[in-house]
Every structure is written in C-alpha cells, then in structure tokens.
Amino acid sequence: MKIEKEGGPSKRKLSLFDATMLVMGSMIGSGIFIVSADIMRNLGSGYWLIVVWLITGVMTVAAAISYGELSSMFPKAGGQYTYLKEIFGKMMGFLYGWGLFTVIQTGTIAAVAVAFGKFTAYLIPALNDAAPIFQSGGYKITWIQILAIGVILLLTYINTKGVEGGKILQNIFTGSKIVALIGLIILGFLLVKNSFWAGNMSFGWDAFNNLKTDPTGNFLKSGWESISGMAIMGGIAAAMVGSVFSSVAWENVTFVSGEIENPKKNVVRSMVLGTSAVMILYLLVNFIYLNTLNRDSIAFALNDRVAVAASEQIFGSGIGTIVIALLVMISTFGCVNGIVLAGARVFQTMAKDGMFFKAALKNNKNGVPERSLWMQGIWASALCLSGQYGNLLDMISFVIVLFYMITVFGVIYLRIKQPKLERPYKTWLYPVTPIIYLLIGAAFCILLLIYKQQYTWPGLVIVLLGVPVYFFINKKEQ
C-alpha cells in the first residue's frame with residue numbers, strides 16, 4: 001500500500017482554526033435544539049438524558065481520536081472515502097461514497113436547510129400560513145421547502161467562488177452560534193426563577209418508556225410506564241439515534257484534507273478539539289433543559305422544540321421564541337455551509353478513481369470542484385422536495401455508525417497487517433480508544449437491530465443498492 005504525498009492542485013488555504021470551525025460548524029445544526037424531547041420520551045429521567053449524551057460524547061471523541069491516525073497517513077482530499085478504499089478496497093470506498101451522495105451528505109443538507117426554513121417561519125409567520133405551492137394527496141411543496149432550496153443553492157454558489165469565501169462564512173456563523181450557545185447556557189442558570197433540576201433527577205435510575213398515545217397518535221403525558229432490564233438498553237439505543245445524528249459530520253474536515261495547512265497534524269487536532277468542544281456544549285445545553293423545564297415539558301415540547309420552551313422560560317414567551325429562532329437560523333445556515341463545502345471534495349476524489357461522474361473531476365478557475373458542488377446541491381434540493389429526507393435520516397444513523405465502525409476497525413487492521421507503515425500521529429491510548437468506540441457502536445447497532453428495526457434496514461438497503469451500481473461501473477471500465 002502506498003501512502004500518497006500531500007501534493008496536488010489544491011492550495012492549502014485552511015488553518016487549524018478554520019478546520020476546527022468546520023468541525024464544530026458541521027456538527028451543530030438543529031438537532032441539539034430538538035432531539036432531547038425524543039430522548040426524554042424514550043427514557044423519562046434526567047439521569048438517563050445525561051447518560052445518553054455522555055455515551056454519545058465518548059463515542060464521538062473516541063472515533064475522532066482514532067480517525068486521526070488515518071488522517072495523518074492519508075493526508076489528501078476524500079477523507080473517510082480514501083481511508084476505506086485504501087484499507088479495504090475500492091468497493092468498500094464506493095459503497096461509502098454512494099451512501100454519502102444518495103442520502104448521508106445530501107440528506108443532511110436537505111434536513112438542516114428545511115430546519116432553517118421552519119425556524120425562519122417563526123419570525124415570518126406568512127411562511128407557515130401560506131397555501132402550498134403544489135399539493136397532491138399527502139404530498140405538497142411549501143414555501144419553507146423553496147426557502148431551503150434557496151439556501152442550498154446560495155451556499156453552493158458562494159462555495160464555487162473559492163475556499164476563501166466559504167471559509168469566512170463558516171468562521172463567522174460557527175463563531176456566532178458558539179457565542180450564542182454559551183450565552184444561552186449562562187443565562188439559563190442565572191435568569192431562571194424556578195429550577196426543575198431536583199424534580200428531573202428525582203426519578204433516579206428508573207427508566208420510563210412505552211408511552212401511550214391517543215387515537216390520533218399524539219403522546220399522552222400520563223402515559224409513562226416504567227421499564228427495566230434489556231428494555232432499558234433498547235430504550236437507550238433508540239434514544240441515541242437522535243444524539244448520534246446530532247453529533248455526526250465532524251469527519252467532514254477529512255474530506256478537505258487537501259486544502260488544510262499541515263494536514264498530518266492539523267486534521268486530527270481539529271477533529272479532537274472540535275468534537276470535544278461541541279460535546280461539552282451539548283451536555284451543558286441539556287443541563288439548561290433540565291434546569292428550566294420539568295420532565296413533561298421536555299418530552300412533550302411543541303413539535304419537539306425543547307430549546308424554544310427553555311428559552312421562553314429564560315427570556316419570556318415573546319423574546320424567547322425570537323432568540324431561539326435566530327440562534328437556530330444562524331446554526332443551521334452555518335451547518336449547511338460546512339457540509340456543502342466539504343462533501344463535494346469526496347465526489348471529486350471518487351471521480352478521479354472512476355467511481356463518480358467524470359464531470360465532477362475538474363476544479364474551476366477558483367480552484368474548487370464547481371460541478372461536484374452543483375451535483376451535490378441539485379440532489380440535496382431534490383430531496384428537499386421529496387419530503388422524505390427526515391425519515392431517511394432517522395434510518396441512516398445506523399449506517400453512519402456502521403461506516404464509522406468499519407473505519408475505526410481499519411486503524412486496528414492496519415496496525416496488525418502493516419505495522420511498519422509511517423504513522424505521523426498514533427491513536428492516543430491505542431488499542432483502548434478504538435475498542436471503546438467499537439464496543440459502544442456494536443451495542444448501539446445490535447440493540448437497534450433487535451428493538452428498532454425501522455431504524456436499520458432502510459439505510460442498509462440504500463447502501464446495498466450501491467453494489468450493482470459498483471459492478472456496472474467496473475464493467476464499463478473493462
């Protein structure tokens with residue numbers, strides 16, 4: 001196996017600070033403002049809510065530390081796609097890239113852009129009140145979806161003008177949402193008159209699940225039933241679908257390794273710094289939820305918007321809604337930019353390997369893969385119109401973790417198979433760190449397969465559809 005040199009046509013324009021902002025900006029979207037409601041519904045105790053976020057945090061940072069070794073060995077654009085291809089062969093790399101283009105990257109862009117539109121509708125009620133542009137049965141196209149597409153196309157266009165523009169935008173929006181989150185955390189402890197912390201913790205380690213619903217499918221606040229034993233494990237796995245999805249996309253920084261200064265060191269530094277900082281912020285935000293809201297207010301927040309309910313307790317109903325709407329708009333806008341910026345580099349690298357459309361291959365005069373960016377943007381826009389991206393993303397967390405596990409296992413595999421390869425950075429506490437991730441990831445996937453199969457097989461089917469596509473592409477090459 002050859003370790004490729006750093007060179008190439010891409011100019012290195014991203015510093016360690018820029019790379020860390022990309023990690024944090026790609027991670028923090030709309031999830032942290034919403035998914036704690038579902039976690040609380042699955043488990044029903046403040047202790048378990050914190051445990052789910054702690055497990056997710058340990059997983060995320062352990063994976064980032066493990067990826068660092070691979071990023072130092074393969075410091076070129078393409079990141080995780082390149083690692084999987086180099087370690088396990090072209091087919092594994094293609095299946096990851098296929099999943100990335102069909103739903104993981106583009107579906108995330110669509111979902112986060114629509115979240116931007118939905119929170120914009122808080123400030124501009126006419127967006128919510130307007131009649132659908134098109135409706136046929138249950139399918140409809142709304143102005144919120146059109147706004148989401150507008151955001152995707154605008155950010156795609158900005159990123160075609162060079163890395164510099166996307167980088168500046170990323171740094172501004174990521175910096176803004178970090179400052180805003182820190183402000184929310186501080187004020188959440190200072191301004192709240194009635195703390196619910198003790199009440200939320202009074203349930204101890206009892207887990208409550210199996211919520212009852214009314215005939216229309218709405219959850220009943222009086223419907224808590226205690227669960228124990230393996231059912232708790234199943235509840236944790238189901239609850240982690242949201243927290244895991246809120247904590248992915250940090251690996252996007254590996255996609256742009258070819259444009260980062262001193263990638264052998266700075267990619268791993270940015271991943272570890274960025275993931276650690278975000279997971280600490282996430283934990284503190286959940287402390288605010290537990291301090292400002294009781295269990296039912298978290299679990300049954302309107303449209304799962306826990307952050308809105310908490311902000312209304314901190315600032316009052318009028319101002320609180322506006323504060324969170326602005327924060328989520330800043331957060332989601334920056335998140336979409338980061339994911340748009342990074343994803344196109346993978347598809348360009350795949351095109352170089354003959355695994356994607358040849359049109360994605362070339363950089364434009366600004367040194368960026370313009371056609372790859374537009375392909376990504378157009379498909380993400382189509383997913384916005386499909387209305388199915390939300391369901392797909394619920395189901396894809398399983399596949400994302402599966403690919404993370406395969407990549408982390410690659411660190412151990414290479415250590416055994418090729419121990420003499422140059423490793424500018426070696427995984428901290430190896431083999432403990434990758435094994436921790438593999439154990440937690442395996443438990444998560446196995447429990448979902450047992451208890452929540454609707455979160456597993458659709459994602460697997462999407463990825464496995466790439467197998468005949470791979471053989472078709474390779475047949476054409478022969």
Side-chain angles (χ1 to χ4, degrees), residues 3-26 71-72 74-83 85 93 97 100-101 105-106 109 151-174 249-271 274 333-380:
I3 295 182
E4 301 201 23
K5 300 294 181 184
E6 293 179 21
S10 298
K11 295 180 181 178
R12 302 195 183 280
K13 296 180 180 178
L14 301 175
S15 65
L16 173 60
F17 176 79
D18 300 326
T20 305
M21 288 292 102
L22 178 58
V23 171
M24 297 182 73
S26 299
S71 74
S72 73
F74 309 107
K76 70 167 194 172
Q80 190 171 351
Y81 161 76
T82 301
Y83 311 156
K85 184 196 75 174
L100 200 73
F101 183 78
Q105 197 80 357
T106 49
I109 291 169
V151 167
I152 292 168
L153 298 181
L154 170 65
L155 290 172
T156 299
Y157 173 76
I158 290 171
N159 278 282
T160 64
K161 297 303 173 184
V163 175
E164 199 68 31
K167 176 185 81 173
I168 292 168
L169 204 64
Q170 191 65 25
N171 291 348
I172 290 170
F173 277 86
T174 302
W250 50 267
E251 78 282 3
N252 274 238
V253 74
T254 70
F255 302 163
V256 292
S257 295
E259 292 161 85
I260 295 173
E261 297 168 1
N262 191 10
K264 290 184 179 181
K265 291 184 178 179
N266 284 343
V267 174
V268 62
R269 287 171 179 168
S270 66
M271 286 192 293
F333 194 83
C335 182
V336 172
N337 182 68
I339 301 171
V340 165
L341 186 156
R345 272 65 178 179
V346 180
F347 311 130
Q348 181 186 42
T349 305
M350 290 177 69
K352 289 177 184 176
D353 297 332
M355 294 286 107
F356 199 69
F357 301 108
K358 288 182 180 178
L361 192 57
K362 291 183 180 179
N363 283 341
N364 65 7
K365 63 181 180 180
N366 300 313
V368 295
E370 180 172 353
R371 290 179 179 176
S372 181
L373 278 161
W374 283 117
M375 288 176 191
Q376 174 184 258
I378 290 167
W379 180 241

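Computed from a prediction, not measured in an experiment: that's the story for all the values here. Reckoned from all heavy atoms, side chains included, excluding hydrogens, waters and symmetry mates.
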Point-to-point distance, once rounded to the nearest 0.5 Å, from [atom1] of [X] to [atom2] of [Y]:
X      : Y      : atom1 : atom2 : result
Thr106 : Ile378 : OG1   : CD1   : 12.5 Å
Leu22  : Lys167 : CG    : NZ    : 12.0 Å
Ile158 : Asn337 : CD1   : CG    : 7.0 Å
Leu16  : Asn262 : CG    : CG    : 9.5 Å
Lys352 : Lys76  : NZ    : NZ    : 7.0 Å

Within a strict 4.5 Å, meaning less than it, do heavy atoms of the [X] and [Y] side chains meet?
X      : Y      : answer
Lys85  : Met355 : no
Gln105 : Asn252 : yes
Phe17  : Met21  : yes

Determine the sole option in Thr82, Thr349, Leu100, Leu341 for which the side chain to side chain contact (heavy atoms under 4.5 Å, CB included) test with Phe255 is passed. Leu100
Here the pair of heavy atoms bringing Ile109 nearest to Ala380 is CG2-CB, 3.8 Å
Ser257 and Pro263 have their tightest heavy-atom pair at O-CB, 3.6 Å
Going by the rule side-chain hydrogen bond (donor to acceptor under 3.5 Å, both in side chains), which residues pair with [X] if we only count those two or more places apart in sequence or in a different chain?
X      : answer
Asn364 : Glu370
Asp18  : Ser15, Asn171
Thr174 : Gln170
Tyr81  : Asp353

The test is side chain to side chain contact (heavy atoms under 4.5 Å, CB included); show your working for Val267 and Ser72 and say whether it passes. CA-CA 8 Å; Val267 174; Ser72 73; over 6 Å; no
Is Ser26 reaching over with its side chain to a backbone N or O of Val23, donor-acceptor style, under 3.5 angstrom? no
Side chain to side chain contact (heavy atoms under 4.5 Å, CB included) between Asn363 and Gln348, worked out: CA-CA 9 Å; Asn363 283 341; Gln348 181 186 42; 2.6 Å; yes
My understanding is that only residues two or more places apart in sequence, or in another chain, count here; which of them pass side chain to side chain contact (heavy atoms under 4.5 Å, CB included) with [X]?
X      : answer
Ala344 : Pro369, Ser372, Leu373, Gln376
Lys161 : Tyr157, Asn366
Arg371 : Ala359
Ile172 : Ile168, Ser176

Which residues share a ring-ring contact (aromatic ring centres under 6.0 Å, His included) with Phe347, sequence neighbours left out: Phe101, Phe356
For Phe173, all residues meeting ring-ring contact (aromatic ring centres under 6.0 Å, His included), sequence neighbours excluded: Phe333
Decide side chain to side chain contact (heavy atoms under 4.5 Å, CB included) for Val253 and Ile260; before the verdict, give the C-alpha distance in whole Å, the side-chain angles of both, and the deciding distance to 0.1 Å. CA-CA 9 Å; Val253 74; Ile260 295 173; 3.7 Å; yes
